[in-house]
Protein chains: 2
Amino acid sequence: MEPDILELESFLPYRLYRLADTVSREFSKIYKERHGLTRPEWRTLSGLGERGTMTATELREQSAMHKTKVSRAVAELERRRWLTRTPDESDRRVEHLALTKAGLAAYREMVPLAKAFESELLARLSAEERAAIVRGVAALEEALGEMS
Amino acid sequence: MEPDILELESFLPYRLYRLADTVSREFSKIYKERHGLTRPEWRTLSGLGERGTMTATELREQSAMHKTKVSRAVAELERRRWLTRTPDESDRRVEHLALTKAGLAAYREMVPLAKAFESELLARLSAEERAAIVRGVAALEEALGEMS
DNA sequence: CCAAACTGGTTGCATTTGTAACCATCGAAA
DNA sequence: TTTCGATGGTTACAAATGCAACCAGTTTGG
């Protein structure tokens, strides 16, 4: 355990990123092949699919994506006619986003695939391991919230 | 728990990526501000710093980075004169990479900062939570290895 | 009422990334 | 040997991303 060496294999930011990137990349094949969506587009679709209607700012906060990613994802989904914008009554800077029939259909088609992917992954873990990852992730998220 | 809705807040690929991205982005400020390194460059630096000498393929396997990322990171570190390439004796396609004095100095300077960052984060977790995240990540990595 | 500071969202431009095609070398099989 | 498929690594080009500057609308304080 030399003090001036960093053991990458036990360095959490490294392990965490490599894992998340691999998982996300694997999962992205599903929506990429299926509909040619990028990750920001998929996130926007699934955010709206779940919550019904959101503003771009809400999407950004929920997903931790940069505002330009959201802006571009929304623009692309709109171009496909998968979502519509409705101006807010009281604040004309704000737009309420919602999926169209077509967007909702795409979302509904993706949901079972997403669930199946997660299930397949989690099926390889023991109940304790599943509990561990969930707990660990939640704890780290909270820790990050406290930082800075 | 509607069957045709995906709850993003409990969807592991989503949670995991958001977390890892936030952590990584926070940590990247350190090497970006300090030396203007990109993530692939930092990973290459720290891989070589830890192991002494590696080939591009070994770097790629260890970090799960795309080979072009490795190639470009190596080229940039070479341009800075932070690493040198030595052709393999028996296979002339292969190059053994190693840090120069200057590269090693930069690495040594970064190590304590990396450790401090991780410590600060982990300090906000309980011992059980720390154990949980480590165990969960390891289990998922293994599960991924089995998949596909 | 007005200016200044702020917020929601978009855009231009530079950097980073992914993909595929590529070059050189190697190993195996004919 | 010669040939052909794999492998280590690079590069050209396209797509995705980040940053900063921006526009429009809103709030706040004087």
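To the nearest angstrom, P of C:dG18 lies 9 Å from NZ of A:K32. Rounded to whole Å, atom P of D:dA16 lies 9 Å from atom CD of A:E76. Rounded to an integer number of Å, the gap from A:E95 CD to C:dT7 C1' is 14 Å. For A:E89 and D:dG25, the CD to C1' distance is 15 Å, given to the nearest whole Å. Between B:E78 atom CD and D:dG9 atom C1' there is a gap of 13 Å when expressed in whole angstrom units. One can place CE of A:M65 at 15 Å from C1' of C:dT10, the figure rounded to the nearest angstrom. Remark: C1' of D:dG8 and CD of B:E58 are 12 Å apart, rounded to the nearest angstrom. One atom, CG of B:D21, and another, C1' of D:dG18, lie 12 Å apart when rounded to the nearest Å.
Here A:R51 does not pair with B:E7 in a salt bridge; the nearest charged N to carboxylate O distance is not below 4.0 Å. Salt-bridge formation is not detected for the pair B:E142/A:R124: no Lys NZ or Arg NE/NH1/NH2 atom is positioned less than 4.0 Å from an Asp or Glu carboxylate oxygen. Salt bridge absent: B:K115 and B:E118 never bring a charged side-chain N and a carboxylate O closer than 4.0 Å. The pair A:R81-A:E78 does not meet the salt-bridge criterion, since no charged nitrogen lies less than 4.0 angstrom from a carboxylate oxygen. Taking 4.0 Å as the cut-off between side-chain N and carboxylate O, B:R72 and B:E41 do not count as a salt-bridged pair.
Taking the side chain of B:D91 as heavy atoms from C-beta on, and the options C:dC26, C:dG9, D:dT26, the nearest nucleotide is C:dC26.
Backbone-only engagement by A:R85 is indicated by non-hydrogen atom pairs under 4.0 Å involving sugar-phosphate atoms exclusively. Among the atoms of the strands shown, only primed sugar atoms or phosphate atoms (P, OP1, OP2) are found under 4.0 Å from some heavy atom of B:R25. B:S90 comes within contact range of the sugar-phosphate backbone alone, with a heavy-atom separation under 4.0 Å but no base atom that close.
A pairwise comparison of heavy atoms in B:D4 and A:Y107 identifies O-CE2, 3.9 Å as the closest pair.
Axis deviation across the helix from C:dC1-D:dG30 to C:dA30-D:dT1 amounts to 10°, comparing end segments of five pairs, rounded to 10 degrees.
The side-chain tip of A:R25 does not point at the ring of B:Y17 from less than 6.0 angstrom away and within 45° of straight on. For the pair A:R39 and A:W42, the NZ or CZ position fails the cation-pi test of under 6.0 Å to the six-membered ring centre and within 45 degrees of the ring normal.
Taking a 6.0 Å sphere around CD of A:E109, one finds it holds more than 12 heavy atoms contributed by other residues, nucleotides or ligands. More than 12 heavy atoms of other residues, nucleotides or ligands lie within 6.0 Å of CZ in A:R85, so this atom counts as buried by the packing criterion. Around CD of B:E9, the count of heavy atoms belonging to other residues, nucleotides or ligands within 6.0 Å exceeds 12.
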Review item, nucleotides 12-15 of chain C N/O atoms under 3.5 Å of protein N/O:
residue	atom	partner	partner atom	Å
C:dG12	O6	A:R72	NH2	2.7

Using a cut-off of under 3.5 Å, enumerate the N/O to N/O pairs linking the protein to nucleotides 4-7 of chain D.
residue	atom	partner	partner atom	Å
D:dT7	O2	B:R93	NH1	2.5

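For B:R92, no side-chain nitrogen or oxygen approaches OP1 or OP2 of D:dG8 to under 4.0 Å. At C:dG18, one or more side-chain N or O atoms of B:K69 fall inside 4.0 Å of OP1 or OP2 (strictly under the cut-off).
Using bins of under 30°, 30° to 60° and over 60° for the plane-to-plane angle, the ring pair A:F27/A:F117 lands in the tilted bin.
Place A:G36 and B:R60 on DNA chain D by their nearest nucleotides, and B:R60 ends up nearer the 5' end.
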